[in-house]
*Asks:* 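Sharing a structure, written as structure tokens. Questions coming.
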Amino acid sequence: MADPKGFLTTGREVAKTRPVAERVKDWNEVYVPGSLLPIISKQAGRCMDCGIPFCHNGCPLGNLIPEWNDYAYREDWQAASERLHATNNFPEFTGRLCPAPCEAACVLGINQPAVTIKNVEVSIIDKAWDSGDVTPQPPERLSGKTVAVIGSGPAGLAAAQQLTRAGHTVAVYERADRIGGLLRYGIPEFKMEKVHINRRIEQMRAEGTKFRTEIEIGVDIDAAKLRRRYDAVVIAAGATVSRDLPVPGRELKGIHFAMEYLPLANKVQEGDFVAPPITAEGKHVVVIGGGDTGADCVGTAHRQGAASVTQLEIMPRPGEERNANQPWPTFPMLYKVTSAHEEGGERVYSVSTTHFEGDEDGNVQFLHLVEVEFKDGKLEQKPGTERKIPAQLVTLAMGFTGTDQSNGLVQQFGLELDERGNIARDADFATNVDGVFVAGDAGRGQSLIVWAIAEGRSAARGVDRYLTGASELPAPIRPTDRALTV
């Protein structure tokens with residue numbers, strides 16, 4: 001145990017963010033650089049090293065949280081990094097982007113603020129990179145087997161790294177012009193600077209992983225031909241079909257899916273554009289969807305100089321404390337104020353969009369909404385609550401409905417789908433097609449980055465066993481596992 005009295009003597013303290021007036025003028029990460037190291041060892045000392053650490057169950061990766069908390073408390077950063085990497089290929093991603101279900105399951109969190117697990121995690125990995133402790137781990141010998149990974153998001157990258165280290169020759173195919181999937185173009189720079197992706201890619205290249213960009217399987221290469229070219233294939237193409245809003249006026253100009261809007265802002269940071277083709281500058285912006293993607297749109301609009309930003313959510317506003325029907329250690333639905341929300345804008349709950357109104361040139365100008373409430377388990381409109389708000393740019397951030405089937409990948413492979421429209425797989429993450437496996441959102445449906453990495457690691461074990469007859473790679477989850485929630 002790190003500090004036997006740490007949870008009694010030390011209060012919870014989290015990473016400091018830069019002043020709003022400063023950070024909305026740039027695209028750098030919102031946190032004060034280096035602000036965690038002076039406090040993080042004491043924060044790690046709040047860990048109680050529980051007899052049954054429920055944080056392990058909260059985290060699908062099974063991260064060894066009490067162990068690396070102890071090392072961080074003792075400032076043995078190299079050992080902490082080793083234990084961190086034992087279960088997680090990319091802790092700098094999860095330490096920045098994961099909503100931390102481990103903290104929701106922290107035993108201390110029963111009656112006190114939970115341990116700042118996420119902040120400890122990111123401190124350890126950032127220190128490891130700065131100290132040169134993160135190095136390539138090429139395999140000792142090659143198996144002679146080849147694997148294609150379709151998609152370079154967290155699931156695809158995790159699977160590729162595990163299989164490369166197991167000795168297989170791995171090529172990652174990505175339809176975009178850069179590696180990273182939604183990490184690259186769906187996550188704004190202010191949440192995670194892309195240097196963190198770039199240096200992982202260089203590490204993977206040094207280990208032997210090959211990357212092929214601007215190649216869409218199903219369009220540029222027939223999926224069946226790809227299967228014949230490789231000994232095994234891992235599909236990690238994500239659940240990229242955005243949920244639409246089929247209401248009158250949807251065809252007006254200025255209404256875009258979040259994944260049409262956000263990538264263009266990231267491409268400006270990559271140097272592809274001087275200014276984004278879709279911008280919030282000087283416009284009244286409405287974001288439909290109250291989740292993390294919606295918050296990303298809010299923060300992006302602030303930095304582009306929006307005249308106003310309004311975020312709409314059809315569900316009621318969550319409470320600030322656990323409801324009785326969401327007991328510890330489940331992941332509760334709580335009112336969350338992200339860094340983007342700190343920067344301004346209005347959040348409106350329990351409303352539904354009825355239609356859009358445009359000008360004579362076909363540009364959206366107003367959004368009409370109505371308040372809704374639950375009655376007998378159904379959402380119903382409240383009469384007399386209709387109103388309209390200015391909307392010159394609307395982003396739809398209402399989640400995703402499944403894997404893209406328009407490119408022919410599913411049909412060309414001959415893949416079976418489950419009842420939710422995801423690619424079906426067995427206990428080894430194998431599809432109905434021999435030698436073809438699926439990992440991440442393509443098989444699970446829309447989920448979290450930590451689940452994607454866990455799926456990539458688990459699918460890699462299934463592939464390794466298929467190719468060699470046995471595998472020593474870890475498999476932290478099964479395809480049927482679900483989050484610790486209600």
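Residue numbers count from 1 along this sequence. Keep in mind that the numbers below use all heavy atoms, side chains included, and drop hydrogens, waters and symmetry copies.
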*Asks:* Could you state the interatomic distance from CZ (Phe54) to SG (Cys102), rounded to the nearest 0.5 Å?
*Replies:* 14.5 Å
*Asks:* Return yes if a side-chain donor-acceptor contact under 3.5 Å exists between Asp441 and Gln446, otherwise no.
*Replies:* no
*Asks:* Strictly distance-based, threshold 3.5 Å: is any side-chain N or O of Arg465 a donor or acceptor partner for the main-chain N or O of Gly469?
*Replies:* no
*Asks:* Has Asn323 got a side-chain atom pairing as donor or acceptor with Gln326's backbone, closer than 3.5 angstrom?
*Replies:* no
*Asks:* Whether the side chain of Asn432 engages the backbone of Glu416 through a donor-acceptor N/O pair (distance < 3.5 Å, no angle test) should be reported.
*Replies:* yes
*Asks:* Working note: Thr17 + Ser339, criterion side chain to side chain donor-acceptor pair (under 3.5 Å); need CA distance, chi angles, decisive distance, verdict.
*Replies:* CA-CA 8 Å; Thr17 54; Ser339 63; over 6 Å; no
*Asks:* Indicate whether the side chain of Asn422 and that of Thr403 have a donor and an acceptor atom separated by less than 3.5 Å.
*Replies:* no
*Asks:* Can you confirm whether Asp292 sits close enough to Lys336 that some side-chain heavy atom of one is under 4.5 Å from a side-chain heavy atom of the other?
*Replies:* yes
*Asks:* Assert yes or no for the condition that the ring centre distance of Tyr466 to Phe437 is strictly below 6.0 Å.
*Replies:* yes
*Asks:* By the definition side-chain hydrogen bond (donor to acceptor under 3.5 Å, both in side chains), identify the one residue from Asp464, Thr146, Thr468 that meets it with His168.
*Replies:* Asp464
*Asks:* Taking side chain as C-beta onward, heavy atoms only, is Phe429 less than 4.5 Å from Arg461?
*Replies:* no
*Asks:* Within 45° of the six-membered ring axis of Phe400 and under 6.0 Å from that ring's centre, is NZ or CZ of Arg243 located there?
*Replies:* no
*Asks:* Restricting to non-hydrogen atoms, name the atom on Gly299 and the atom on Glu343 that form the minimum distance, rounded to 0.1 Å.
*Replies:* CA-OE1, 4.0 Å
*Asks:* Where the side chain of Asp244 meets the backbone of Pro246, is there a donor-acceptor pair that is under 3.5 Å apart?
*Replies:* no
*Asks:* Determine whether Pro476 and Ser458 make a side-chain contact, defined as any pair of heavy atoms from C-beta on separated by less than 4.5 Å.
*Replies:* yes
*Asks:* Taking atom CG of Leu84 and atom CD of Glu92, what is their separation to the nearest 0.5 Å?
*Replies:* 9.0 Å
*Asks:* Please assess Asp404 against Arg175 for the test salt bridge (charged side-chain N to carboxylate O under 4.0 Å, His left out), listing each intermediate value before the final yes or no.
*Replies:* CA-CA 12 Å; Asp404 185 3; Arg175 62 182 177 181; 3.1 Å; yes
*Asks:* Does a side-chain heavy-atom distance below 4.5 Å link Ser81 with Trp68?
*Replies:* no
*Asks:* Could you tell me whether a side-chain N or O of Glu455 sits under 3.5 Å from a main-chain N or O of Gly440, the two making a donor and an acceptor?
*Replies:* yes
*Asks:* Just one of Arg205, Arg200, Arg199 clears the salt bridge (charged side-chain N to carboxylate O under 4.0 Å, His left out) bar with Glu202, so which one?
*Replies:* Arg205
*Asks:* As an exercise, state the distance from CD of Gln161 to CG of Asn89, rounded to the nearest 0.5 Å.
*Replies:* 4.5 Å
*Asks:* Tell me whether the rings of Phe190 and Trp27 are parallel (<30°), tilted (30 to 60°) or perpendicular (>60°).
*Replies:* tilted
*Asks:* Side chains of Arg184 and Asn266: do they bring a donor and an acceptor to under 3.5 Å?
*Replies:* no
*Asks:* Ion pair present between Glu342 and Arg23, side-chain N to carboxylate O less than 4.0 angstrom?
*Replies:* yes
*Asks:* Can you check whether Gln203 reaches Val134 side chain to side chain, under 4.5 Å on heavy atoms?
*Replies:* yes
*Asks:* Indicate yes or no for a side-chain donor-acceptor contact from Thr293 to the backbone of Ala397 under 3.5 Å, with no hydrogens or angles considered.
*Replies:* no
*Asks:* Heavy-atom distance under 4.5 Å between the side chains of Pro139 and Arg165, does that happen here?
*Replies:* no
*Asks:* Pair Arg212, Glu174 - check salt bridge (charged side-chain N to carboxylate O under 4.0 Å, His left out), show working.
*Replies:* CA-CA 6 Å; Arg212 308 279 188 263; Glu174 169 58 54; over 6 Å; no
*Asks:* Taking atom CD1 of Ile197 and atom NZ of Lys194, what is their separation to the nearest 0.5 Å?
*Replies:* 5.5 Å
*Asks:* What heavy-atom pair brings Val234 and Ala159 nearest, and what distance separates the two atoms?
*Replies:* CG1-CB, 4.4 Å
*Asks:* Are any side-chain N or O atoms of Thr10 and backbone N or O atoms of Phe7, one a donor and one an acceptor, separated by less than 3.5 Å?
*Replies:* no
*Asks:* In plain terms, say whether Arg96 and Asp126 are close enough for a salt bridge, that is, a side-chain N and a carboxylate O under 4.0 Å apart.
*Replies:* yes
*Asks:* Are Tyr261 and Gln304 linked by a side-chain donor-acceptor pair shorter than 3.5 Å?
*Replies:* yes
*Asks:* Going by atom types only, do Asn63 and Thr87 share a side-chain donor-acceptor pair under 3.5 Å?
*Replies:* yes
*Asks:* So, Asp26 and Arg18, do they make that salt bridge, N to O below 4.0 Å?
*Replies:* yes
*Asks:* Begin with the C-alpha distance, continue with both residues' side-chain angles, and end with the deciding distance and a verdict on side-chain contact (heavy atoms from CB on, under 4.5 Å) for Gln43 and Val115.
*Replies:* CA-CA 7 Å; Gln43 289 300 307; Val115 175; over 6 Å; no
*Asks:* With a 4.0 Å cut-off on N to O distance, would you call Arg227 and Asp222 a salt bridge?
*Replies:* no
*Asks:* Give the C-alpha distance, both sets of side-chain angles, the deciding distance and a yes or no for side-chain contact (heavy atoms from CB on, under 4.5 Å) between His85 and Ile125.
*Replies:* CA-CA 9 Å; His85 280 103; Ile125 184 56; 3.4 Å; yes
*Asks:* Does a side-chain N-to-carboxylate-O contact under 4.0 Å join Asp481 and Arg444?
*Replies:* no
*Asks:* Would you indicate whether Tyr230, at its atom OH, is surrounded by more than 12 heavy atoms from other residues, nucleotides or ligands within a distance under 6.0 Å?
*Replies:* yes
*Asks:* Looking at Glu103 and Arg12, is any side-chain nitrogen of the basic one under 4.0 Å from a carboxylate oxygen of the acidic one?
*Replies:* yes
*Asks:* Whether Lys267 and Asp177 form a salt bridge (side-chain N of Lys/Arg under 4.0 Å from carboxylate O of Asp/Glu) is what I want to check.
*Replies:* yes
*Asks:* Measure the CD1-OG1 distance between Ile40 and Thr116 for me, rounded to the nearest 0.5 Å.
*Replies:* 4.5 Å
*Asks:* Which atoms form the tightest heavy-atom contact between Cys50 and Pro53, and what is the distance?
*Replies:* O-CD, 3.6 Å
*Asks:* Between Lys191 and Glu29, is the closest basic N to carboxylate O distance under 4.0 Å?
*Replies:* no
*Asks:* Do Val147 and Leu467 have side chains that get closer than 4.5 Å, going by heavy atoms?
*Replies:* yes
*Asks:* For Arg347 and Val337, run side-chain contact (heavy atoms from CB on, under 4.5 Å): C-alpha distance rounded to whole Å, both residues' side-chain angles, the deciding distance at 0.1 Å, then the answer.
*Replies:* CA-CA 10 Å; Arg347 303 168 77 178; Val337 179; 4.0 Å; yes
*Asks:* Start with the C-alpha distance between Lys42 and Asp3, add both sets of side-chain angles, then the distance that settles side-chain contact (heavy atoms from CB on, under 4.5 Å), and finish with yes or no.
*Replies:* CA-CA 8 Å; Lys42 278 196 170 185; Asp3 180 356; over 6 Å; no
*Asks:* Using atom types as modelled and distance alone, determine if a side-chain donor or acceptor of Trp328 lies under 3.5 Å from a backbone N or O of Ala105.
*Replies:* yes
*Asks:* Is any side-chain heavy atom of Lys127 closer than 4.5 Å to a side-chain heavy atom of Val122?
*Replies:* no
*Asks:* The criterion is ring pair (Phe, Tyr, Trp, His ring centres under 6.0 Å); which residues satisfy it with Phe90, sequence neighbours excluded?
*Replies:* Phe93
*Asks:* Could you tell me whether the side chain of Asn119 and the main chain of Ala15 form a donor-acceptor pair under 3.5 Å?
*Replies:* yes
*Asks:* Distance-only, no hydrogens or angles: does the Glu189 side chain make a donor-acceptor pair with backbone N or O of Asn28 under 3.5 Å?
*Replies:* no
*Asks:* I need the Asn88 CG to Leu61 CG distance, nearest 0.5 Å.
*Replies:* 5.0 Å
